[in-house]
Amino acid sequence: MVLLRSYVSGGWHTAPGEGVPLHDAATGEEVARVSSEGVDFAAALDYGRTVGGPALRELTFHQRAALLKALASHLREHREELYALSAKTGATLGDSKFDIDGGIGVLFSYGSKGKRELPNDTVYVDGAVEPLSKGGTFVAQHIATPLHGVAVQINAFNFPVWGPLEKFAPAFLAGVPSLVKPASQTAYLTARLVELIIESGILPEGSLQFVAGSVGDLLDHLTAQDLVSFTGSASTAQKLRAHPAVVRNAVRFNAEADSLNCSILAPDARPSTPEFDLFVKQLVTEMTVKSGQKCTAIRRAFVPAELLDDVAEAASARLAKVTVGNPAAEGVRMGALASLEQREEVRRSLKALLDAGSVVFGDPEQVEVVDGDAAKGAFMSPVLLKADPERSEPHEVEAFGPVSTLLPYTSVEQVIELAARGGGSLVGSIVTGDPVFARTVVLGVAPYHGRLLVLDSDDAKESTGHGSPMPQLVHGGPGRAGGGEEMGGIRGVLHHMQRTAVQGSPTVLSAVTGQWVAGAPRTEGEHPFRKSLAELRLGDCVVAGPRTVTRADIDHFAEFTGDTFYAHTNPEAAAANPLFGGIVAHGYLVVSFAAGLFVSPEPGPVLANYGLENLRFLTPVKVDDALTVTLTAKQITPRIDQEYGEVRWDADVTNQDGDSVAKYDVLTLVTKEQP
C-alpha cells in the first residue's frame, strides 16, 4: 500500500491509518491511498508566513524568475516519469503532454516575463507619479508589495500538474509562498510532482507546501494576508467563498469554476469552407482531449439552423474515428474519465440534457474499449447531442466529460443572447471568415466571457485552440465561471500583492520606489556615462547645452532625411498652421541634437543605447531657439545573468525660456564594472 505523504512545516508527513484508496482510471487497480490526518494546518500556514515568505521577499523579481526557469528545466528532465504516472489518471500521451508540458511551459513563461517586465527589485511601481501640489513638492505613487501570507491553492482533478503550476508560478514570482491541495482522485501525480520539486532543492524552504487529502480545518486559520485560489465546481466555490474566516478577514478569493463554454459557427462558414472544417475539428478535439474533462471544453456548439444537419454529419464522422481505451494502448485517441464516480456523474447530467434533446452520436451507457475492461475502467463514448436552444437545460447543465450539444440559431442577435444564457464562461470561440460578424459577436458576448478566440483560415495553423489557456492571458470568467482571473501575465502576479498609494516628497518617493522622481535631488559631477553600474547612483545627471537651432539645421535635416513636411519647409503654410505659426524644427532633429549634447563619445561603461520610451514633444522649437538637455539616472537594473544591466535615464529638453520641448526616457546597457 502506497500512502501519499504531505509536505508541511519543512518535512514530509505520513498520515496514520490506511487512508482512502485511489484507483487507476483505466484498470481499476489501486494506485495509492490518501489522507491528511494529523496535518497541523495552523502550523503549516504559520510556517509559510514565517519561513517561506521572508525567504522569498529577500529575493528580487529577477532572482525569483531565474528560479522558476531553473525549476522548469529540472521538471522537463522528468517528463517521461510523469507521463507514465499520468496514464493512470486515464490520460493518453497527448493528454499528458497537454497537462505536464503545459504546466512546465507556464513556469518558463513566468520566468521570462518576470525578467522582461518586472524590475530587479522587491517593489513594483504601478503607474505614473501623480502630482498633488502646484509646487511639485507633494506627489504620490502606487506601489505593489507581496502579501505577508500564504497562497492556498485548491486544485481540480483534471489537471494534476498544470493546475498547481499555473497557480504556483505567479504567486512565487510575487514573493508569496504556496500551499497546494490537489483533488484526491489524481493526487498521486501532483504528489510526485511536488516530490521532484522538493528533491531538487531549487526553491527556498517554505515557499511550497503540499497537502494530500482533505483540507481539514485549514480555512479556519486564514488571515487577511492569505489568499485562496480554487478550481472546481461552482457549488464548492460558493461554499468556500462563504467560509466565515474568508468573509471575516476579507481573504482574497479567486475561483475558476465549471462553465458552459460555447463555440459559434458563422453563417458564412458553409460546408467545404476552411472555417466549417475548423469548427468541426475543434469541436471533436474539445470533446475528446482529456476525455472532455476540461473546464474550457466546448459544451454548447451554436450553428446556423440551416447547417445543423451538415455539422452533425461531419462531427459524427470524425467522432466515429475516435478510439476509446487504455491510454497506454497503441492507437487509442481517448482514454478514461478520472474515476467511475466521475463517469456516473456525467451520465446523470446527460439524462437531464436528454430531456431537452436527442443523441446525434454515441451511447452514454456502452462503448467499445481497446485493451481495457469497460466495467472496471471509467470509459465512456463521446456523446454529441442536439437540442432546442430555447430550453433551459443546455444553458444550465454541464456534463463534465466527452459531451457537447449542437444548438441551432437563426440570427446574430439570437446567438449572442443564447451565448449569454450560460451565465458566464471561461472561454468562447467564434469560427468565421467574416470580420464584421466576428466584431458583432465579440462585442456582444465579451461581457460574459473571460477569453474569446476568433478562429479563421488565417490564424488556424498557429492558433493554440479554444481550450488552451495561455499564461500571458487571463484565465477565468464572470458569473458561473467563478468571477475570478488567473495568470494573465503580470496581472496574476499583482493579484498576490497589495497595491498601496504612497504620498510624500519626490525625495522620499525616489527612496521608496528605487526610481528617481522629478523634483528629487540631482547630482552633477563626473559625466554619468563614465560610471559603471557599481558607481552610478539615482539622480546622477548631466546638463548640456545650449545649442541654437538654425534655419540651415532644419533645411539640412529635411533634405538629409527626406522629411519635407510643410511645417519644416514651407514658411507660408507653416505660418497658417494654428499650432506652429511658422517654420519649426523636426521633433527627431530635437532628439538628435539632445543626444549630441549629452553623449560621452569615448569608450566606457555604456555599451549601447537600445531605445527611447514615452517620447512626447511638448513645445514647438522655432528657428534660433536654444536647446538644453538634462539627463538624469532614473532607474538602475542589473541583470543577474549578464555582466551588464539596464539604465533608464530621464531626458528633459528645454528651450531658452526653460519650457520643456521634449521629454522621454533613454534606455542604455551599462557594464557592472569599469571595462
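What you see below is based on every heavy atom in this structure, not just the backbone, and it leaves out hydrogens, waters and symmetry mates. The model shown is predicted, which means the values in this text are computed figures rather than measured ones. Throughout, residue positions are numbered sequentially from 1 according to the sequence presented.
Surrounding CD of Glu559 are at most 12 heavy atoms belonging to other residues, nucleotides or ligands under 6.0 Å away. Residue Lys672 places its NZ atom among more than 12 non-hydrogen atoms of other residues, nucleotides or ligands, all under 6.0 Å distant. For Tyr448, the OH atom is loosely surrounded, since the number of other residues' heavy atoms within 6.0 Å does not exceed 12. More than 12 heavy atoms of other residues, nucleotides or ligands lie within 6.0 Å of OH in Tyr610, so this atom counts as buried by the packing criterion. The neighbour count for Arg116 CZ, taken as heavy atoms of other residues, nucleotides or ligands under 6.0 Å away, is above 12.
The nearest pair of heavy atoms linking Pro478 to Pro447 is CG-O, 3.5 Å. Smallest separation of non-hydrogen atoms from His496 and Val176: O-CG2, 3.4 Å. In terms of heavy atoms, Asp268 sits closest to Gly433 at OD2-N, 2.9 Å. Contact detail for Gly175 and Arg64: the closest heavy-atom pair is N-NH1, 3.6 Å.
The side-chain hydrogen bond (donor to acceptor under 3.5 Å, both in side chains) test with Asp540 singles out one residue from Lys531, Arg522, His527, and that residue is Lys531.
Between atom CD of residue Gln674 and atom CG of residue Leu533 there is a gap of 10.5 Å, rounded to the nearest 0.5 Å. Atom CD of Glu462 and atom OG1 of Thr464 lie 10.5 Å apart (nearest 0.5 Å). Taken from CD1 in Ile143 to OG1 in Thr513, the straight-line distance is 8.5 Å, to the nearest 0.5 Å. Rounded to the nearest 0.5 angstrom, Ile583 CD1 and Arg551 CZ are separated by 4.5 Å. Annotation: the span from Leu56 atom CG to Gln63 atom CD amounts to 11.0 Å, rounded to 0.5 Å. Going from atom CZ of Phe61 over to atom OG1 of Thr637 covers 12.0 Å, rounded to the nearest 0.5 Å.
Checked against salt bridge (charged side-chain N to carboxylate O under 4.0 Å, His left out), Glu275 has no partners two or more places apart in sequence or in another chain.
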Passes side chain to side chain contact (heavy atoms under 4.5 Å, CB included), Val666 versus Leu612? Steps please. CA-CA 5 Å; Val666 178; Leu612 302 178; 3.8 Å; yes
Run Phe172 and Tyr110 through ring pair (Phe, Tyr, Trp, His ring centres under 6.0 Å) and show every step you take. CA-CA 10 Å; Phe172 184 88; Tyr110 269 98; over 10 Å; no
Evaluate the side chain to side chain contact (heavy atoms under 4.5 Å, CB included) criterion for residues Val590 and Val661: first the C-alpha distance (whole Å), next the side-chain angles of each, then the deciding distance (0.1 Å), finally the verdict. CA-CA 8 Å; Val590 172; Val661 302; 4.1 Å; yes
Could you walk me through whether Asp121 and Thr60 pass the side chain to side chain donor-acceptor pair (under 3.5 Å) check? CA-CA 5 Å; Asp121 201 345; Thr60 67; over 6 Å; no
Using the side chain to side chain donor-acceptor pair (under 3.5 Å) rule, take His475 and Glu256 through it: C-alpha gap first, then chi angles, then the decisive distance, then the call. CA-CA 8 Å; His475 180 50; Glu256 183 233 305; 3.1 Å; yes
Report the C-alpha separation of Arg252 and Leu147 in whole Å, then their side-chain angles, then the decisive distance to 0.1 Å, and conclude whether the side chain to side chain contact (heavy atoms under 4.5 Å, CB included) test is met. CA-CA 10 Å; Arg252 293 191 189 184; Leu147 290 172; 3.9 Å; yes
Ile264 and Phe437: CA distance, side-chain angles, deciding distance, side chain to side chain contact (heavy atoms under 4.5 Å, CB included) verdict: CA-CA 11 Å; Ile264 299 171; Phe437 181 88; 4.3 Å; yes
Test log, rule side chain to side chain donor-acceptor pair (under 3.5 Å), inputs Asp652 and Tyr664: CA-CA 7 Å; Asp652 185 11; Tyr664 51 98; over 6 Å; no
Let me see the working for Thr671 and Glu643 under side chain to side chain donor-acceptor pair (under 3.5 Å), right down to the final yes or no. CA-CA 6 Å; Thr671 59; Glu643 295 305 312; over 6 Å; no
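Between the His62 side chain and the Leu118 main chain, a donor and an acceptor come within less than 3.5 Å of each other. A donor-acceptor contact shorter than 3.5 Å links the side chain of Gln225 to the backbone of His148. Ser200 places a side-chain N or O within 3.5 Å of a backbone atom of Ile202 that can act as its donor or acceptor partner. His495 contributes no side-chain N or O that, together with a main-chain N or O of Arg491, makes up a donor-acceptor pair within less than 3.5 Å. The main-chain N or O of Ala662 is never found under 3.5 Å from a side-chain atom of Ser660 such that the two would form a donor-acceptor pair. Checked by atom type and distance alone, the side chain of Thr569 pairs as donor or acceptor with a backbone atom of Phe565 at under 3.5 Å. In this structure a side-chain-to-backbone donor-acceptor pair under 3.5 Å is missing from Thr548 to Asp624. Proximity of a side-chain donor or acceptor of Asp563 to a complementary backbone N or O of Ala558 within less than 3.5 Å is not detected. Checking side-chain atoms of Arg451 against main-chain N and O of Val474 turns up no donor-acceptor pair under 3.5 Å. Using a distance-only test at 3.5 Å, with no hydrogens or angles considered, no donor-acceptor pair links the side chain of Gln635 to the main chain of Gln515.
The side-chain heavy atoms of Pro521 and Thr507, taken from C-beta on, include a pair separated by under 4.5 Å. By the 4.5 Å heavy-atom criterion applied to side chains, Val647 and Leu536 are counted as neighbours. Proximity of Gln141 to Val512: side-chain heavy atoms (C-beta onward) are nowhere separated by under 4.5 Å. With contacts defined as side-chain heavy-atom distances shorter than 4.5 Å, the pair Ile298/His466 qualifies. Using a 4.5 Å heavy-atom threshold, the side chains of Leu631 and Pro528 count as separate. The side-chain heavy atoms of Phe593 and Val549, taken from C-beta on, include a pair separated by under 4.5 Å. By the 4.5 Å heavy-atom criterion applied to side chains, Thr630 and Asp650 are not counted as neighbours. With a 4.5 Å cut-off on side-chain heavy atoms, Leu426 and Ser259 count as touching.
Judged purely by distance below 3.5 Å, without hydrogens or angles, the side chains of Asn614 and Asp665 pair a donor atom with an acceptor atom. Side-chain contact, Asp434 with Thr432: no donor N or O sits under 3.5 Å from an acceptor N or O. For the residue pair Asn609/Thr668, the side-chain donor-acceptor check at 3.5 Å is not satisfied. Checked by atom type, the side-chain pair Ser600/Arg530 shows a donor-acceptor distance below 3.5 Å. Side-chain contact, Ser532 with Glu535: a donor N or O sits under 3.5 Å from an acceptor N or O. A donor-acceptor contact closer than 3.5 angstrom is absent between the side chains of Glu485 and Asn254.
Taking the ring centroids of Phe529 and Trp649, they lie under the 6.0 Å cut-off. In this structure, the ring of Phe557 has its center no less than 6.0 angstrom from the ring center of Tyr588.
A salt bridge (charged side-chain N to carboxylate O under 4.0 Å, His left out) check over residues 100-112, counting only residues at least two apart or in different chains, returns the pairs Arg79-Asp101.
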